[in-house]
Visitor: 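Take this structure, written in structure tokens, and hold onto it; I'll ask about it next.
Numbers here simply count residues along the sequence, with the first being 1. Below, all heavy atoms of this structure are taken into account, side chains as well, without hydrogens, waters or symmetry copies.
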Amino acid sequence: MRLWVKDQNNRWLFLSGADSLDRGRPSWLYTLGGRLEPGEDHLAALSRELREEVGWCVPLGHQVMPIWWRLAYRDFRINPYYVAEKHFYVDYEKLVNDPNFHLTTPSELVEINWLSEMDLREFAGRGREVFPTSWQQILQHIAKITTR
């Protein structure tokens with residue numbers, strides 16, 4: 001599952017990643033998320049991923065909107081695979097204004113980036129990868145469903 005987080009300046013939360021076994025491949029950008037662990041539902045898993053990847057502790061619920069589904073191919077050199085992904089959207093302000101929100105130290109080392117659509121287009125225009133690859137379509141979809 002993936003979580004799309006937008007701030008009040010219309011910037012999106014993206015993390016930087018790299019394939020440690022393919023040193024020739026440049027780093028890429030990706031949305032926050034991961035896999036369900038045993039016994040988790042999507043909201044519990046997204047809450048865990050927020051805590052692990054960016055250090056934001058908040059129980060997710062009403063502030064999260066399901067927005068997209070896709071079948072994705074992960075082309076990691078050692079272990080390529082397909083995965084069915086559910087995508088969710090949340091406004092950053094709703095997260096940080098939740099009375100249960102607090103910060104902790106992330107357990108994973110990731111680089112956090114807040115990027116506008118123009119920043120993402122420039123990054124992709126330099127031949128760099130942005131995941132999911134359908135990011136432009138997803139951002140258009142989010143704009144449609146959140147401005148109703």
Side-chain angles (χ1 to χ4, degrees), residues 1-60 63-96 98 101-143 145-146:
M1 85 240 118
R2 313 295 329 151
L3 184 62
W4 294 83
V5 182
K6 184 172 80 169
D7 74 5
Q8 66 275 14
N9 298 314
N10 290 319
R11 295 176 306 168
W12 297 91
L13 175 67
F14 274 83
L15 308 175
S16 294
D19 188 342
S20 61
L21 298 175
D22 192 353
R23 299 252 184 237
R25 182 179 182 182
S27 63
W28 58 81
L29 298 174
Y30 63 97
T31 55
L32 184 139
R35 296 180 185 210
L36 291 172
E37 291 187 357
E40 284 183 326
D41 63 17
H42 285 91
L43 294 178
L46 289 170
S47 292
R48 176 182 47 76
E49 292 292 347
L50 276 172
R51 184 181 65 254
E52 289 175 356
E53 294 182 356
V54 294
W56 303 346
C57 296
V58 61
L60 295 178
Q63 70 274 57
V64 176
M65 176 190 304
I67 57 161
W68 199 264
W69 180 92
R70 78 179 188 128
L71 183 61
Y73 178 68
R74 300 279 191 253
D75 63 342
F76 296 117
R77 185 176 205 171
I78 190 83
N79 187 21
Y81 62 94
Y82 284 95
V83 61
E85 288 183 340
K86 289 187 179 180
H87 292 239
F88 298 84
Y89 165 78
V90 67
D91 184 290
Y92 174 73
E93 296 303 310
K94 288 183 180 177
L95 288 179
V96 297
D98 186 297
F101 178 88
H102 66 278
L103 295 172
T104 188
T105 304
S107 59
E108 298 176 7
L109 267 179
V110 296
E111 180 183 327
I112 299 170
N113 305 276
W114 286 99
L115 303 165
S116 68
E117 285 186 57
M118 185 170 35
D119 296 332
L120 290 166
R121 279 193 296 276
E122 288 174 6
F123 186 87
R126 293 191 305 264
R128 305 290 293 280
E129 295 175 289
V130 178
F131 293 101
T133 55
S134 54
W135 64 270
Q136 292 177 359
Q137 196 177 6
I138 295 171
L139 293 183
Q140 289 172 356
H141 178 70
I142 293 171
I145 64 175
T146 57

Visitor: Indicate yes or no: at least one non-hydrogen side-chain atom of Gln137 is less than 4.5 angstrom from one of Trp68.
Guide: yes

Visitor: Could you grab the distance from atom CG of Leu29 to atom CG of Leu15, nearest 0.5 Å is fine?
Guide: 8.5 Å

Visitor: Going by heavy atoms in the side chains, are Pro106 and Glu53 under 4.5 Å from each other?
Guide: no

Visitor: Assess the residue pair Ser27 and Arg128 against the criterion (side-chain hydrogen bond (donor to acceptor under 3.5 Å, both in side chains)); give the C-alpha distance rounded to whole Å, side-chain angles, the decisive distance to 0.1 Å, and a yes or no.
Guide: CA-CA 8 Å; Ser27 63; Arg128 305 290 293 280; 2.8 Å; yes

Visitor: Under 30°, 30 to 60°, or over 60°: which ring-plane class applies to Trp114 and Tyr92, parallel, tilted or perpendicular?
Guide: perpendicular

Visitor: Within the 4.5 Å heavy-atom criterion, are Phe123 and Asn113 side-chain neighbours or not?
Guide: no

Visitor: Under 6.0 Å between ring centres: does that hold for Phe14 and Trp135?
Guide: no

Visitor: Can you see which heavy atom on Leu36 is nearest to which on Met1, and at what distance?
Guide: CD2-SD, 4.0 Å

Visitor: Taking Trp4's backbone N and O only, do any of them form a donor-acceptor pair with His87's side chain (distance below 3.5 Å, no angle check)?
Guide: no

Visitor: Could you check whether any side-chain heavy atom of Gln63 comes within less than 4.5 Å of a side-chain heavy atom of Asp91, counting everything from C-beta outward?
Guide: no

Visitor: Measuring from Ile142:CD1 to Phe88:CZ, what's the distance to the nearest 0.5 Å?
Guide: 12.0 Å

Visitor: Quick check for you: to the nearest 0.5 Å, what is the distance between Glu85 atom CD and Phe131 atom CZ?
Guide: 10.5 Å

Visitor: Measure the spacing between CD of Glu49 and CG of Leu60 and express it to the nearest 0.5 Å.
Guide: 11.0 Å

Visitor: Pick out which of Val5, Leu115, Leu139 makes a side chain to side chain contact (heavy atoms under 4.5 Å, CB included) with Trp12.
Guide: Leu139

Visitor: Can any side-chain N or O of Asn9 pair as donor or acceptor with the backbone N or O of Arg11 at less than 3.5 Å?
Guide: no

Visitor: Is there side-chain contact between Tyr30 and Val110, with at least one heavy-atom pair below 4.5 Å?
Guide: yes

Visitor: Going from CG on Leu32 to CG on Leu46, what distance comes out if it is rounded to the nearest 0.5 angstrom?
Guide: 7.5 Å

Visitor: Drop me the distance from Glu129's CD to Trp28's CH2, to the nearest 0.5 angstrom.
Guide: 7.0 Å

Visitor: Do Gln136 and Arg121 make a side-chain contact, defined as non-hydrogen atoms from C-beta onward lying under 4.5 Å apart?
Guide: yes

